[in-house]
Amino acid sequence: MYISELHKGIESEITVKGWVTNSRSSKGIEFIVLRDGTGYLQCVIDQNNVGEDNYNEAKILTQESSVELTGKIIENEREENGLELLVSKLLIVSISEEFPITNKAHGVEFLADKRHLWLRSKRQWAIMKIRNNIIYAIHNFFQKEGFVQTDAPIFTANAAEGTTTLFETDFYDNPAYLTQSGQLYGEAMAMALNKIYTFGPTFRAEKSKTRRHLAEFWMIEPEMAFYNNEMNMDVIEKFLQSVISEVLDKSKTELKILDRDTALFEKIIKNEFPRITYTEAVKILKGEKDVNGKNSLTTLEADLSDLKSKIEELKKDIAEREKMVSDTNIKKGKRNFIKSKIGQLKNELKSTEEKASYIPQWLESAKNFEFGKDLGGSDETVLTRMFELPIMVYNWPHEIKAFYMKRDADNPDFAKGVDVLAPEGYGEIVGGGERETNKDLLIEKINEHGLPMDAFEWYLDLRRFGSVPHAGFGLGLERLVSWICKTQHIRETIPFPRYYGRLTP
RNA sequence: UCUUCAGUAGCUCAGUUGGUUAGAGCAUCUGACUGUUAAUCAGAGGGUCGUAGGUUCAAGUCCUACCUGAAGAGCCA
């Protein structure tokens, strides 16, 4: 029986198969926390119940040893899931060698090296389950809305946007690149199937070293025929609300394990997202325009002074606890507990100081933002800080957007693109817009970007044969997972992350 | 690519102004304990201080270069 189904078997005799994730012992009694991939369960091995042979076997169980345990399921309020297994029989499947990942703290590099084992830990388990639910919710939404899922190729002859670095491979003695977007192919398929979406891996060879970047990530790219950018934004909003609402519903346990506050999500699924133009966004960023009485520059300054007082508090707290540790009368266990708390506080202090040190730079960068430029990571953080919900920034200067973005006839300097910025500093999770339908403008743009025209002949065909207005967007799956799970780094959101400097395991 | 910080036991870290034989917790092993929740208690083993040079009577500690990692910027989803 799977641990997730045990509530059906209370008071009955069942067998669970899994791995020992933690064990504690006392004389004549062993407590084992078993995980089977579907959940966690405390199992009690009492010498009086299992007999001496089984009990002696239980004593040699190491972390991650695999076992089959038979016994009676009983209710126990002290446990997280309210259940406990009174073991009557123990069968060892395999005794594990010393497991490198313990229940204590580990550094990021060590965990990344041991990713294949790290995935077994509770937090990673919860993230992977949420990732799965997000993927399911995405398909669910599009399928219900009548979209057809199609696939774009991974090998491509050239760049879609030309600006970013590509991974080059050898394709039968010719250079080929790993795709950085399936969008152009999505457009072709939308002309054949109307509303479509692609769901596949994409690759960017940028040497980005931030907590928001991966070299290999999964992207969802819907494309809709006969849609303009306003309709596109409506879809994005409905889509994100639908996914979040489904995750809220299905991933309660996992969100709790991650200690994720879901109040924000409740608001998101009930309220329209603010839509602001790039021009407005710049004004807000520079502090020239307030949002609900809030000014970006003063908000940032207030954040800074909050951080500073937090730093003082932490320092005081640490000093007090260090005094407690130096007391010789204190019990060893208590002292270790305080020591580990001090370690935690020191880490918190370090990251708070780091954060505080960046704010003045962010302030400068916000104040001096040059109209016409793309929003940087810090600008996005400042901007989203002004709103509670995700925000949609639309109508961007056409020069900083891709060649296929539709020019706004009323404001020729702008293109009908839209970016969705996630709250809490998670940045851009969606980028999209309406596509250019004017073939001559497209040709002009392709030349401007210095792209090889012959590689885009097929794309221009889409404008030659029954061209229609159409729009779409791209969602970075890992960015969404990262935000929903509130992870420290995007590398926790994919089973085996690939990023600058990381190719194994 | 740039800026800042870091690299000491299997893991997480401490190591004061350069000064005796390099320290703790966890993990491992041995023992104690009949309801533990990161269990606790007693004991044991475990080190090329990232690498290479240099300064010095003396370097984990100071200097230089390189390697690796982290955070941020740039670029982006």
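In what follows, chains are A, B, ... by sequence order, proteins preceding strands, each numbered from 1.
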**Request:** Starting from C1' on B:C76, measure out to NZ on A:Lys373 and report it in whole angstrom.
**Result:** 16 Å
**Asked** Can you name the side chain to side chain contact (heavy atoms under 4.5 Å, CB included) partners of A:Leu111, sequence neighbours left out?
**Response** A:Ile101, A:His106, A:Trp118
**Item:** C1'-based separation of B:U17 from B:C2 [nearest Å]
**Value:** 34 Å
**Prompt:** Just how far, in rounded Å, is C1' of B:C75 from CG of A:Asp419?
**Reply:** 13 Å
**Request:** In whole angstrom, give me the gap between the P atoms of B:C26 and B:G19.
**Result:** 29 Å
**Fill in**
Whole-Å distance, A:Ile45 CD1 to B:A39 P, equals 15 Å
**Prompt:** To the nearest Å, how far apart are A:Asp379 CG and B:C76 C1'?
**Reply:** 14 Å
**Prompt:** Expressed in whole Å, how much space separates the P atoms belonging to B:G50 and B:C57?
**Reply:** 25 Å
**Asked** Can you tell me how far P in B:A52 sits from the matching atom in B:U61, rounded to whole Å?
**Response** 13 Å
**Asked** What parts of residues 211-221 of chain A reach RNA chain B, counting only heavy atoms under 4.0 Å away?
**Response** A:Arg211, A:Arg212, A:His213, A:Leu214, A:Phe217, A:Met219
**Aromatic contact, A:Tyr278 with A:Phe371 (centres under 6.0 Å)** = yes
**Request:** Send over the distance from A:Arg131 CZ to B:A77 C1', rounded to a whole Å.
**Result:** 13 Å
**Request:** List in chain and number order the residues that pass ring pair (Phe, Tyr, Trp, His ring centres under 6.0 Å) with A:His489, two or more places apart in sequence or in another chain; answer none if no residue qualifies.
**Result:** none
**Asked** Parallel under 30°, tilted from 30 to 60°, perpendicular over 60°: which one fits the rings of A:Tyr40 and A:Trp125?
**Response** perpendicular
**Request:** Spell out, as yes or no, whether a donor-acceptor pair under 3.5 Å connects the side chain of A:Lys286 to the backbone of A:Asn368.
**Result:** no
**Message:** Taking any heavy-atom pair under 4.0 Å as a contact, classify A:Thr210: base, sugar-phosphate, or nothing.
**Reply:** base
**Message:** I'd like the P distance from B:G25 over to B:C41, given in whole Å.
**Reply:** 10 Å
**Request:** Could you work out the separation of B:U55 and B:A42 based on their P atoms and round it to a whole Å?
**Result:** 48 Å
**Message:** Within the 4.0 Å heavy-atom criterion, would you say A:Gly501 contacts the bases, only the backbone, or no part of the nucleic acid?
**Reply:** sugar-phosphate
**Request:** Assign each of A:Glu428 and A:Arg502 to its nearest nucleotide of RNA chain B by heavy atoms, then name whichever residue's nucleotide is nearer the 5' end.
**Result:** A:Arg502
**Request:** Kindly determine whether A:Arg275 and A:Asp234 satisfy salt bridge (charged side-chain N to carboxylate O under 4.0 Å, His left out), including the steps that lead there.
**Result:** CA-CA 10 Å; A:Arg275 298 183 188 189; A:Asp234 292 343; 2.8 Å; yes
**Prompt:** In chain order, what residues pass the salt bridge (Lys or Arg N to Asp or Glu O under 4.0 Å) check against A:Lys445, with sequence neighbours excluded?
**Reply:** A:Glu448
**Request:** Between B:C75 and B:U12, how far apart are the C1' atoms? Round to whole Å, please.
**Result:** 34 Å
**Prompt:** Going by heavy atoms closer than 4.0 Å, what residues in residues 114-127 of chain A are next to RNA chain B?
**Reply:** none
**Request:** Go along nucleotides 1-7 of chain B 5' to 3' and tag each nucleotide: B for a protein heavy atom under 4.0 Å from its base, S when only backbone or sugar atoms are that close, - otherwise.
**Result:** B------
**Item:** Where at least one partner belongs to residues 52-65 of chain A, residue pairs that pass salt bridge (Lys or Arg N to Asp or Glu O under 4.0 Å), sequence neighbours excluded
**Value:** A:Arg35-A:Glu64, A:Glu64-A:Arg120
**Request:** May I have the step-by-step check of salt bridge (charged side-chain N to carboxylate O under 4.0 Å, His left out) for A:Glu216 and A:Arg204, ending in yes or no?
**Result:** CA-CA 7 Å; A:Glu216 178 184 302; A:Arg204 306 271 166 102; over 6 Å; no
**Request:** Begin from the C-alpha positions of A:Glu223 and A:Arg435 and carry the test salt bridge (charged side-chain N to carboxylate O under 4.0 Å, His left out) through to its verdict.
**Result:** CA-CA 10 Å; A:Glu223 194 70 33; A:Arg435 318 307 186 188; 2.9 Å; yes
**Sub-6.0 Å ring centroid separation between A:Phe265 and A:Trp483** = yes
**Request:** Starting from P on B:C41, measure out to CZ on A:Arg24 and report it in whole angstrom.
**Result:** 15 Å
**Request:** Could you tell me whether the side chain of A:Asp36 and the main chain of A:Ile3 form a donor-acceptor pair under 3.5 Å?
**Result:** yes
**Request:** Under 4.0 Å between any heavy atoms, over every strand shown, what does A:Arg491 touch: base, sugar-phosphate, or nothing? Just pick one.
**Result:** sugar-phosphate
Between the protein and nucleotides 28-35 of chain B, are there any N/O to N/O pairs under 3.5 Å, and if so, what are the atom names and distances?
unit_1 : atom_1 : unit_2  : atom_2 : d
B:C33  : OP1    : A:Lys27 : NZ     : 3.3
B:U34  : O4'    : A:Lys27 : O      : 2.5
B:G35  : N1     : A:Glu84 : OE1    : 3.1
B:G35  : N2     : A:Asn76 : ND2    : 3.1
B:G35  : N2     : A:Glu84 : OE1    : 3.2
B:G35  : N2     : A:Glu84 : OE2    : 2.3

**Item:** Partner set under ring pair (Phe, Tyr, Trp, His ring centres under 6.0 Å) for A:Phe414, not counting sequence neighbours
**Value:** none
**Fill in**
Taking for A:Pro100 and for A:Gly474 the nucleotide of RNA chain B with the nearest heavy atom, the one nearer the 5' end belongs to A:Pro100
**Prompt:** Among side-chain atoms of A:Asn22 and A:Gln63, is any donor-acceptor pair under 3.5 angstrom?
**Reply:** no
**Prompt:** So what does A:Val430 hit on the nucleic acid, given a heavy-atom distance under 4.0 Å: a base, only sugar-phosphate, or nothing?
**Reply:** sugar-phosphate
**Complete:** Contacts of A:Phe217 meeting ring pair (Phe, Tyr, Trp, His ring centres under 6.0 Å) (sequence neighbours excluded), chain-then-number -> none
**Asked** Checking A:Ser482 side chain against A:Arg479 main chain: does a donor-acceptor pair fall under 3.5 Å?
**Response** no
**Atom P, compared across B:U40 and B:G47: separation rounded to whole Å** = 26 Å
**Item:** A:Phe110 CZ to B:A9 P, straight-line distance once rounded to whole Å
**Value:** 12 Å
**Asked** Could you state the CD-P distance from A:Glu478 to B:A77, rounded to the nearest angstrom?
**Response** 14 Å
**Asked** What would the secondary structure line of RNA chain B be in dot-bracket form, counting Watson-Crick and G-U wobble pairs under 3.5 Å, with [ ] for pairs that cross earlier ones and | for pairs with another strand?
**Response** (((((((..((((.....[...)))).(((((.......))))).....(((((..]....))))))))))))....
**Item:** Pairs touching residues 490-505 of chain A that satisfy salt bridge (Lys or Arg N to Asp or Glu O under 4.0 Å), sequence neighbours left out
**Value:** A:Asp113-A:Arg502, A:Arg123-A:Glu492
**Asked** Within the pair A:Arg479 and B:A77, is there a side-chain N or O less than 4.0 Å away from OP1 or OP2?
**Response** no
**Request:** List the steps and the verdict of side chain to side chain donor-acceptor pair (under 3.5 Å) for A:Gln183 and A:Glu221.
**Result:** CA-CA 7 Å; A:Gln183 198 225 293; A:Glu221 295 180 283; over 6 Å; no
